Structure formats: C-alpha cells, structure tokens
Protein chains: 2
Amino acid sequence: MAIEHAILVSLLERPGSGYELARRFERSIGYFWTATHQQIYRVLKRMENDGWVEALVVPQHGRPDKKQYSVADLGRAALTSWLHDPIEPETVRHDLAVKIRGAAFDDPSALIREVERHRQAHADRLAHYLAGEERDFGRRTDSGPYGPDDAERELQHAVLRGGIAYERMMIAWLDDVLATLHRFRDDHFRDDRFRADAPSADPSSADRAAR
Amino acid sequence: MAIEHAILVSLLERPGSGYELARRFERSIGYFWTATHQQIYRVLKRMENDGWVEALVVPQHGRPDKKQYSVADLGRAALTSWLHDPIEPETVRHDLAVKIRGAAFDDPSALIREVERHRQAHADRLAHYLAGEERDFGRRTDSGPYGPDDAERELQHAVLRGGIAYERMMIAWLDDVLATLHRFRDDHFRDDRFRADAPSADPSSADRAAR
DNA sequence: TCCTGCTATGCAACTTGTTGCATAAGCAAG
DNA sequence: CTTGCTTATGCAACAAGTTGCATAGCAGGA
C-alpha cells in the first residue's frame with residue numbers, strides 16, 4: 001500500500017512507461033524504494049483501472065508500443081490524501097546486522113570479506129550520489145526568492161542529502177565493525193574451534209570519501 | 001528466506017518461546033529486523049519440522065504451556081552456511097523520503113508536523129539505545145584478552161553502535177529537512193495554491209541528543 | 001464484579017513481493 | 001549469420017508478510 005505512492009511521485013516528476021519507471025527504481029528512487037518491473041506493471045494496471053493514472057499508447061519504430069503513463073486527478077488526490085495521513089511505522093531490515101550478531105557463533109573473522117564488500121558498495125553509492133549532487137545541484141544559478149518550481153528541486157536535493165548522510169554513516173560504521181572483527185583475529189581472540197586461514201591486509205581508513 | 005536466520009541468532013543468544021521471540025522483535029533485534037508474532041510462530045513451526053530447532057514444552061502455573069525453543073545442530077549448520085554465503089542485496093524502503101519528494105506536489109509546509117513526529121521517534125529511540133549501551137556496556141570490567149564468550153558481547157555492542165549512528169544521522173537529516181521545509185514556508189515560498197494555516201513554532205536545534 | 005491487559009499460541013484469509021518464463025523486434029559484435 | 005543485449009510488456013506460480021479473529025486463565029483496578 002505504498003508502492004503506488006512512489007509511482008505517483010515519480011510520474012508527477014516526469015511521465016513515463018512502466019519500463020522507464022522500472023529503470024528509475026534501479027536508480028534515483030530505487031535507492032530508498034525498491035520494486036521489480038513485474039510489480040510496477042501490475043500496480044500500474046490496477047492504478048489505471050482505478051483512474052489514478054492515464055495511459056497514452058505511443059507507437060514506436062519497430063519496437064513494441066509503449067504506454068506513456070501520467071497522473072490523473074484521482075491519483076493526485078490519492079497522493080495528497082496519503083501525504084496528509086500521519087501514519088508511518090518505519091520498518092527496517094538489515095541482514096548484515098543479523099549476520100554480525102550471528103558471527104559470534106561462527107568464526108567472526110570469516111565475516112571480514114563480506115563486510116568489506118558491503119563497505120565498498122556503500123562507498124560506490126556515495127561516490128555516485130556525490131557526482132549526481134555536483135551535476136544537478138552544483139551551484140545555485142538564481143539565488144532569488146523561491147518559486148513553486150524550485151520546491152521539487154529543493155526537496156529532491158534534501159532527499160539526496162539524506163542518502164549521502166546515510167552512506168557516510170554506513171561507511172563509518174562498517175569501518176568500526178571491521179576494526180572490531182580485526183581485533184578478534186589479530187590480537188586477542190584465540191579459540192581452537194576457529195582458525196583464521198587468510199590473513200587479509202588491514203584496510204583501516206585506507207580511503208574515505210570526503211567532501 | 002532470512003527471518004529464519006534472525007530467529008536462529010536470537011535463540012542462540014538465549015533460548016525462548018515464540019512469544020518471547022516476538023517481544024524481542026519489538027525491542028533489540030526488532031530495531032533492525034521486524035516480525036509479527038504470527039510470522040514467528042509459523043516460521044518456528046517450519047523450523048521445528050525441518051529439525052533446525054527443538055521445542056521443550058514447559059508447563060506453567062495456570063497459563064497455557066509454553067514451548068521453549070532452542071537451536072539444533074541442523075539449525076546451527078544452516079546459520080553457518082548462511083553466514084558464509086556472500087549474498088546481500090540491501091533492500092531499503094523509506095516512506096518518508098517518498099513523502100518528502102511528493103511534498104513538492106502539495107503544500108510542503110503541511111509535512112512539517114509529520115517530519116517532526118519522526119524526528120521525535122528517532123530521538124526517543126536514540127535515548128533508548130544510549131541507555132541500553134550505558135547499562136550493558138558501560139565500563140569494561142575485565143580489560144584482559146578476549147575469550148570466546150566476549151565475542152557475542154562485543155558484536156552486540158558493534159551492532160548497537162550502528163543503531164546509535166543511524167539514529168543520530170536520521171535526527172540530523174530530519175533537522176536538515178525541517179530547515180528546508182521552514183524556508184519554503186517562512187520567507188520565500190509563496191503560492192496561491194497553498195497556504196500555511198498553523199504557524200507552528202520553529203524547533204530548530206531545540207534539543208539534540210548528545211554524547 | 002466486570003473490564004482491561006498480559007501471557008501464550010494459533011488458524012484463515014488476504015495482500016505484497018519474487019522468480020521463472022514468454023514474446024518480439026532491432027542493433028551491434030564476432 | 002548467429003549470438004547476445006536492449007527496449008517493452010506481461011502471465012502464472014510461488015513465497016513472504018499482514019490483519020483479523022479465537023482461545024484461555026490470571027492479575028489488578030474501577
């Protein structure tokens with residue numbers, strides 16, 4: 001009961017086909033809301049039946065026709081209603097945190113590579129965000145008073161800043177976790193049950209995406 | 001295909017009934033992995049059939065019997081296997097971020113209260129985490145070398161530090177978002193379509209959970 | 001005394017989300 | 001000229017998660 005709203009917002013920002021939406025859900029929007037193309041097509045069809053969106057069939061050169069969706073009045077009303085609804089439970093699922101706690105019942109140092117991989121993924125995403133920020137919000141061209149068109153831009157930037165803050169936090173925390181895991185392996189933790197077989201180099205504070 | 005692992009970790013840390021697990025999923029573990037009691041009971045039953053956990057029926061005074069679950073060898077093996085599996089897609093869903101971007105197509109200042117509510121929830125959770133940290137990890141009693149029993153404790157602390165970092169980041173970001181929303185309302189953003197009717201006081205940097 | 005809330009477990013129905021597969025045409029590389 | 005990638009949409013089956021309800025006894029307050 002919420003993917004609809006993510007789609008509405010995306011279509012209000014720019015109309016597009018199901019396929020284009022699916023690609024957006026792999027990039028910008030997808031970083032704080034995931035959805036596969038199957039789900040998008042299904043929900044889009046339901047939204048069309050409910051009159052939330054309107055489809056315009058665009059014939060194309062050779063390729064199959066695409067349906068260009070845009071938000072109808074009913075959809076806009078539904079979004080407004082949702083925006084004013086105070087609900088929001090905030091459900092989180094961090095596999096990695098489960099793994100870290102679970103590592104206590106296995107060889108903790110076996111998790112080092114996994115955590116490093118995740119750290120790398122977050123560093124990559126951070127770099128991507130920062131590049132996007134520079135590109136889209138580099139310098140304010142007009143520093144005059146805000147108009148209604150600036151709201152979209154400003155709010156997108158605010159969400160992007162959230163993504164940047166999140167990735168920075170994750171990188172710092174994963175460095176913390178890595179330090180903890182290394183401490184077990186290197187100095188103190190010795191247990192017959194486990195043995196560290198691959199002494200990987202310490203990556204402590206090697207790189208750190210700055211700005 | 002992952003709630004099983006959260007349950008295994010929780011049961012390894014301490015055996016318990018389905019009900020107790022459900023309560024843990026409202027507290028400690030629940031902050032990075034949500035699950036309702038229905039889900040837990042169902043999964044627990046499947047895990048018992050698969051030989052991952054063993055149930056010991058404990059008769060109680062008057063109340064219905066409870067089943068004390070503990071992890072069996074097969075379950076431990078399953079956990080180990082999962083821990084060594086390098087998968088991890090990291091799927092995130094932030095309703096609030098969708099709302100913030102959606103606010104561009106409604107009155108942005110109408111979202112202020114909602115964001116404030118979320119900020120409060122994160123501040124509360126942070127306070128709860130910090131209290132738990134002080135209670136459980138206040139001062140190291142033994143500063144000697146690590147034994148295998150310390151791994152559990154240390155890794156739980158590392159995960160808790162992640163939760164603390166997350167809440168701090170969220171509070172800072174929501175303050176950022178609030179500042180953006182206030183800018184629209186107070187000074188620059190004037191649009192016939194919307195009007196701010198309730199001039200709520202500016203909560204900028206009123207409180208800030210420190211440490 | 002009745003009403004609410006807590007412990008404790010569970011079924012049934014429903015909604016969401018995932019995975020596998022199918023179609024179909026163009027375009028580029030080998 | 002065949003193989004694989006990209007655009008573009010969709011069905012069907014399955015897995016996971018949510019919601020509503022039911023049971024049942026005991027404890028504490030109105």
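These figures come from a predicted structure and were not determined experimentally. Letters A, B, ... are given to chains in the order of the sequence lines, protein chains preceding strands, and every chain is numbered from 1.
Comparing H37(B) and R93(B) along DNA chain C, the residue whose closest nucleotide (by nearest heavy atom) sits nearer the 5' end is H37(B). Each of W33(A) and Q38(A) lies near DNA chain C, and the nucleotide nearest W33(A) is the one positioned closer to the 5' end.
D136(A) is linked by a side-chain hydrogen bond (donor to acceptor under 3.5 Å, both in side chains) to nothing, counting only residues two or more places apart in sequence or in another chain. Remark: H37(A) pairs with no residue by the side-chain hydrogen bond (donor to acceptor under 3.5 Å, both in side chains) rule, at least two apart or across chains. Every residue two or more places apart in sequence or in another chain was checked for a side-chain hydrogen bond (donor to acceptor under 3.5 Å, both in side chains) with R23(A), and none qualifies. For the ring pair (Phe, Tyr, Trp, His ring centres under 6.0 Å) test, residues two or more places apart in sequence or in another chain that qualify with Y129(A) are Y31(A). With sequence neighbours left out, A172(B) forms a side chain to side chain contact (heavy atoms under 4.5 Å, CB included) with no residue at all. Evaluation of the side-chain hydrogen bond (donor to acceptor under 3.5 Å, both in side chains) rule for H94(B) yields no partner, not counting sequence neighbours. For S81(A), there are no side chain to side chain contact (heavy atoms under 4.5 Å, CB included) partners at least two apart in sequence or on another chain.
One interatomic measurement links the two molecules: CD1 of I40(B) to P of dT18(D), which rounds to 11 Å at whole-angstrom precision. Rounded to whole Å, atom C1' of dG17(D) lies 13 Å from atom CD of Q39(A). E4(A) places its CD atom 6 Å from the P atom of dT16(C), with the value rounded to the nearest Å.
Applying the side chain to side chain donor-acceptor pair (under 3.5 Å) test to pairs two or more places apart or on separate chains, those with a residue in residues 43-56 of chain B are E4(B)-R46(B).
Environment of NE2 in H128(B): sparse, with no more than 12 heavy atoms of neighbouring residues, nucleotides or ligands closer than 6.0 Å. No more than 12 heavy atoms of other residues, nucleotides or ligands shown are found within 6.0 angstrom of CG on D73(A).
Rotation axes derived from the C1' atoms of the five outermost pairs at either end of the helix from dT1(C)-dA30(D) to dG30(C)-dC1(D) lie 20° apart, to the nearest 10°.
Proximity of R23(B) to the phosphate of dT7(C): a side-chain N or O atom is located under 4.0 Å from OP1 or OP2. Residue R42(B) has no polar side-chain atom (N or O) positioned under 4.0 Å from OP1 or OP2 of dA12(C). A close approach under 4.0 Å does not occur between any side-chain nitrogen or oxygen of Y41(B) and OP1 or OP2 of dG10(C).
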Side-chain donor-acceptor pairs under 3.5 Å in residues 11-18 of chain A, sequence neighbours left out?
unit_1 : atom_1 : unit_2  : atom_2 : d
E13(A) : OE1    : Q156(A) : NE2    : 3.4
E13(A) : OE1    : R101(B) : NH2    : 2.8
E13(A) : OE2    : Q156(A) : NE2    : 3.1
E13(A) : OE2    : R101(B) : NE     : 3.0
S17(A) : OG     : Y19(A)  : N      : 3.4
S17(A) : OG     : E20(A)  : N      : 3.1

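Within residues 43-55 of chain A, no residue has any heavy atom closer than 4.0 Å to DNA chain C. In the region residues 8-19 of chain A, proximity to DNA chain D at under 4.0 angstrom, judged on heavy atoms, holds for S17(A), G18(A), Y19(A).
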